[in-house]
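The next block holds one structure in the form of structure tokens; read it before the comments.
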Amino acid sequence: MRVDVLTLFPEMFAGVFGSSILGKAREKGIVSYNAINFRDYAGNKHGSVDDTPYGGGGGMVLKPEPIFRAVEDLLGQPTGEENPDLSGEKAPVRAPRIILMCPQGETFTQKKAEELAQEDHLIFVCGHYEGYDERIREHLVTDELSIGDYVLTGGELPAMVVIDSVTRLLPGVLGNETSAVTDSFSTGLLEYPHYTRPVEFRGWKVPEILLSGHHANVDEWRRQEALRRTWQRRPDLLEGLELTEKDKRWLKVLQEETPVKSEE
């Protein structure tokens, strides 16, 4: 996968792209990262990439020209609906997903991460100031993403979150290929509890079932504990989730075990 990031602060990505799982993925040749300062595409002697909004109001708005030019330079051709596709004649190549990091965007989820992990090329656009010229949304980007209902100073940190989440799903990135499959949200449930050595720590013991060596029983315990944790912490995730009859029976037991709060 190729990942390009358009930002006014490319230095923010150096440590992230070179460390931990992301750094190892790059070393293995599984993914390449490139942070581009779109101020280089401003086209004016002052390097100005923003201007005051039409109609008045506070703040500054990112201009369309620098971001369009930067994306077109990456693609090697003009952008827009009327342009030819990027497939070429030799072999089909999918056009990249151009992702605008924005509080107004679709809330990022594990399902979205899994979708983006199927792509060959992702381009992230990180804004600052008051917002983006609307023509960037309408005629350039393919996706708008938000990592939550709050506002940050720019799109760099959200882009890092999305890139990390997507990269770890690529084949060969994680040492244990089952890790991503059992993560919270990957199955629709929160993840079950984990334990490791020592067996007893300050009087707290590892559940006996995990020491039994009986894999079927361990799997059943983990499923039940995932259901328990989800029901206790994120019951909204259970809505619409396809559950087995055994799952439903276990949830009923959990509900019966939980005392009903009395009204004061």
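We number each residue from 1, following the sequence as shown.
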Could [X] and [Y] be called an ion pair, given the rule that one side-chain N must be under 4.0 Å from one carboxylate O?
X	Y	answer
Glu134	Arg137	yes
Arg2	Glu119	no
Glu245	Lys248	yes

I'd like to check [X] versus [Y] (side-chain heavy atoms, cut-off strictly below 4.5 Å). Are they in contact?
X	Y	value
Val173	Lys24	no
Leu122	Ile98	no
Val61	Tyr132	no
Glu106	Lys112	yes
Phe68	His139	yes

> If you group Ile, Leu, Val, Met, Phe, Trp and Tyr whenever their side-chain heavy atoms sit less than 4.5 Å apart, what else falls in with Val151?
Replying inline: none

> Is there a side-chain contact (heavy atoms from CB on, under 4.5 Å) between Asn34 and Phe17 once you walk through the steps?
Replying inline: CA-CA 9 Å; Asn34 187 27; Phe17 288 164; over 6 Å; no

> Going by atom types alone, do His128 and Asp50 pair a side-chain donor with an acceptor below 3.5 Å?
Replying inline: no

> Has the side chain of Ser165 got a donor or acceptor atom that lies under 3.5 Å from a matching backbone atom of Val162?
Replying inline: no

>> Test of understanding: clusters of I, L, V, M, F, W, Y form through side-chain heavy atoms closer than 4.5 Å, transitively. Do Leu157 and Phe9 belong to the same one?
In response: yes

>> According to salt bridge (Lys or Arg N to Asp or Glu O under 4.0 Å), who are the partners of Lys63, at least two apart in sequence or on a separate chain?
In response: none

> Given Ile36, which of Asp73, Val5, Leu74 fulfils the side-chain contact (heavy atoms from CB on, under 4.5 Å) condition?
Replying inline: Leu74

Can I get a per-line list of side-chain donor-acceptor pairs under 3.5 Å for residues 218-227, giving both atom names and the distance, sequence neighbours left out?
| residue | atom | partner | partner atom | Å |
| --- | --- | --- | --- | --- |
| Arg223 | NE | Asp247 | OD1 | 3.3 |
| Arg223 | NE | Asp247 | OD2 | 3.4 |
| Arg223 | NH2 | Asp247 | OD2 | 2.8 |
| Glu225 | OE1 | Arg228 | NE | 3.2 |
| Glu225 | OE2 | Arg228 | NE | 3.3 |
| Glu225 | OE2 | Arg228 | NH2 | 3.4 |

>> Checking Glu144 against Met101 for the side-chain contact (heavy atoms from CB on, under 4.5 Å) test, could you report, in this order, the C-alpha distance in whole Å, the side-chain angles of both residues, the deciding distance, and whether it holds?
In response: CA-CA 6 Å; Glu144 294 183 44; Met101 303 309 303; over 6 Å; no

